[in-house]
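Below is one structure, written out as structure tokens, with a few remarks after it.
Reminder, nothing fancy here: chain letters follow the sequence lines and each chain counts from 1. For the numbers below, each heavy atom of this structure counts, side chains included, while hydrogens, waters and symmetry mates do not.
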2 protein chains.
Amino acid sequence: MLSFTEENYLKALLHLTMEIEDKVEAGTNELAFYLGVKPATATDMLKKLKEKKLIQYEKYGKISLSDTGRNKAVEILRKHRLWETFLYEKLEFTWDEVHEVAEQLEHIHSPKLVDKLDKFLGYPEVDPHGDCIPNAKGELKQSFKKTLSEVETGASCKMVAVKDNTAAFLQYVSQLNLGIDTPIKVVSRQAYDGSMEIMISGATINVSQKFAENILIV
Amino acid sequence: MLSFTEENYLKALLHLTMEIEDKVEAGTNELAFYLGVKPATATDMLKKLKEKKLIQYEKYGKISLSDTGRNKAVEILRKHRLWETFLYEKLEFTWDEVHEVAEQLEHIHSPKLVDKLDKFLGYPEVDPHGDCIPNAKGELKQSFKKTLSEVETGASCKMVAVKDNTAAFLQYVSQLNLGIDTPIKVVSRQAYDGSMEIMISGATINVSQKFAENILIV
DNA sequence: TAAAATTGTTAGGTTAGTCTAATTGTTATA
DNA sequence: TATAACAATTAGACTAACCTAACAATTTTA
């Protein structure tokens, strides 16, 4: 049985290696920063996770999930996204509120609970943020999405998900009347700082490059 | 913010003091046995809970919950019973499966979650075991329990607690494979000395009246 | 390619929650 | 009421997860 902390390390590794296509490794500092701990702490845990055969790792080397480790991590991701869906669809939580509570709920362990919840929700395929929910077999449709910042000037697209899940970001997104499936047109760009003018349901607004890098589109 | 462990101690104290009418105090050994830890461990935690003003307690004395402590404990009980109801009514769990999962879910902290869950379930008053669910104000209808000796011959019940907390008695109870939530059927009685035959998970055994008077049931 | 910057590890310390063994209070009983 | 039985506490140790400070390895860059 894994501890909450061990689960969080595995989840972090999955996240870090899923972010970019073909990326399968992460570094100690990167992992530590993501989890909000010191690198020394991460090193200790990495030894433990290696001991348990959940990761591949050599001293001073890069880290990657083993098959077992990846399966565990995907299972946690599945729980996280199912709970988010539950909170959003059944309990009237808003978009930006679900993540924090799901961070706690994802650690409840009961295989029956997960399956029954999945059934109760009608076997959803995506969570409220547009991210794919891994199925009961642990299969996760990997969709490497482009970000708004990669869209050509003049082109149109549709928001499908967000990369950043912090409440601050999500609230900003909501404020702009942006949500899953909202059409976006890139009107113009500033070469100076990468900021861009975008059109959302008729209104033109200006957003930073940082913002655009966290909006995933199709 | 209380840790899971601190919450479990408060919940245990509420349980122990709710068991019997007018009982408001518990002992260190009793508490430790209930939680499955050693008395020394309980002593450490009692100091901490006293420091935080969650209990009334003096060295070598009895323990009782402070108002704050009781409120916290009732809130946990509320969450526990609401989750049990959710699992039973919405996710098709059986009555004997809900407890274990609710033990985990009761520690999720999000006031909004509790209120929304309560609303989603239609503000239920009792959980799947027939126990009262405290309302949002923390009001709990007290129901006092009967002893095994009061159960009619032929009837079935479920052990919910013990009245006697001596090691000898508790060891005897364990030996019989009796524990919290164990179903018991009263098969027959001797008018001569009040001893009774009871059935526990298929096996029929004979117990004295004294024994039966110390098993609390529902 | 040597020095500087970065990345990662080790050593030693802290806290929460647990344990065992020894000891001290309290209660019951002979 | 003295003592045996029981209940509770203290002392000292362990593990998991974290920290800081010092050091070692690797990578970058001048």
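When ring centroids are compared, A:Tyr9 and A:Tyr34 stay outside the 6.0 Å threshold. A ring-centre distance under 6.0 Å is found for A:Phe169 and A:Phe211.
Considering only side-chain N and O atoms, A:Lys47 lies nowhere under 4.0 angstrom from the phosphate OP1 or OP2 of C:dT9. Within the structure, every side-chain polar atom (N or O) of A:Tyr60 is placed at least 4.0 Å from both OP1 and OP2 of C:dT6. For the pair A:Thr5 and D:dA16, the criterion of a side-chain N or O lying under 4.0 Å from OP1 or OP2 is not met.
Residue-level contact check: A:Gly27 touches the backbone only, with heavy atoms under 4.0 Å from sugar-phosphate atoms and none from bases. The residue B:Ala42 sits apart from the nucleic acid: no heavy atom pair falls under 4.0 Å.
When distances run from any side-chain atom of A:Thr43 to the nucleotides C:dC19, C:dG8, C:dT24, the shortest one goes to C:dG8. Set against D:dA7, D:dC18, D:dT10, the side chain of B:Lys59 has D:dT10 as its closest nucleotide. Taking every side-chain heavy atom of A:Thr41 into account, D:dC19 is the closest of D:dC19, C:dG8, C:dT18. Closest approach to the A:Tyr57 side chain among C:dT9, D:dC19, C:dC19 is made by C:dT9 (side chain taken as heavy atoms from C-beta onward). In this structure, the nucleotide among D:dA8, C:dT18, D:dC19 sitting nearest to the side chain of B:Val37 is C:dT18. Distance from the side chain of B:Lys38 is smallest to C:dC19 among D:dT20, D:dA8, C:dC19. Nearest nucleotide to the side chain of B:Tyr9, out of C:dT10, C:dT20, C:dT18: C:dT18.
Going from atom CD1 of A:Ile55 over to atom C1' of C:dG8 covers 14 Å, rounded to whole Å. Nucleotide D:dA25 holds its P atom 18 Å from the NZ atom of A:Lys62, rounded to whole Å. Atom-to-atom, CG of B:Leu31 to C1' of D:dA7 comes out at 13 Å; the value is rounded to the nearest Å. If you measure from atom CD of B:Glu25 to atom P of D:dA8, you get 11 Å, rounded to the nearest angstrom. Distance CZ (B:Phe33) to C1' (D:dC6): 16 Å, rounded to an integer number of Å. Rounded to an integer number of Å, the gap from CD of B:Glu6 to P of C:dA16 is 9 Å. In this structure, the CD atom of A:Glu51 is 14 Å from the P atom of D:dT15, given to the nearest Å. One interatomic measurement links the two molecules: CG of B:Leu35 to P of C:dC19, which rounds to 10 Å at whole-angstrom precision.
Ring planes of B:Phe86 and A:Phe86: tilted class, angle from 30 to 60°.
Each of B:Arg81, B:His109, B:Lys11 was evaluated against B:Ile76; a single residue qualifies, B:Lys11, per the side chain to side chain contact (heavy atoms under 4.5 Å, CB included) test.
Side-chain contact annotation: A:His80 with A:Asp127, donor-acceptor N/O pair under 3.5 Å absent.
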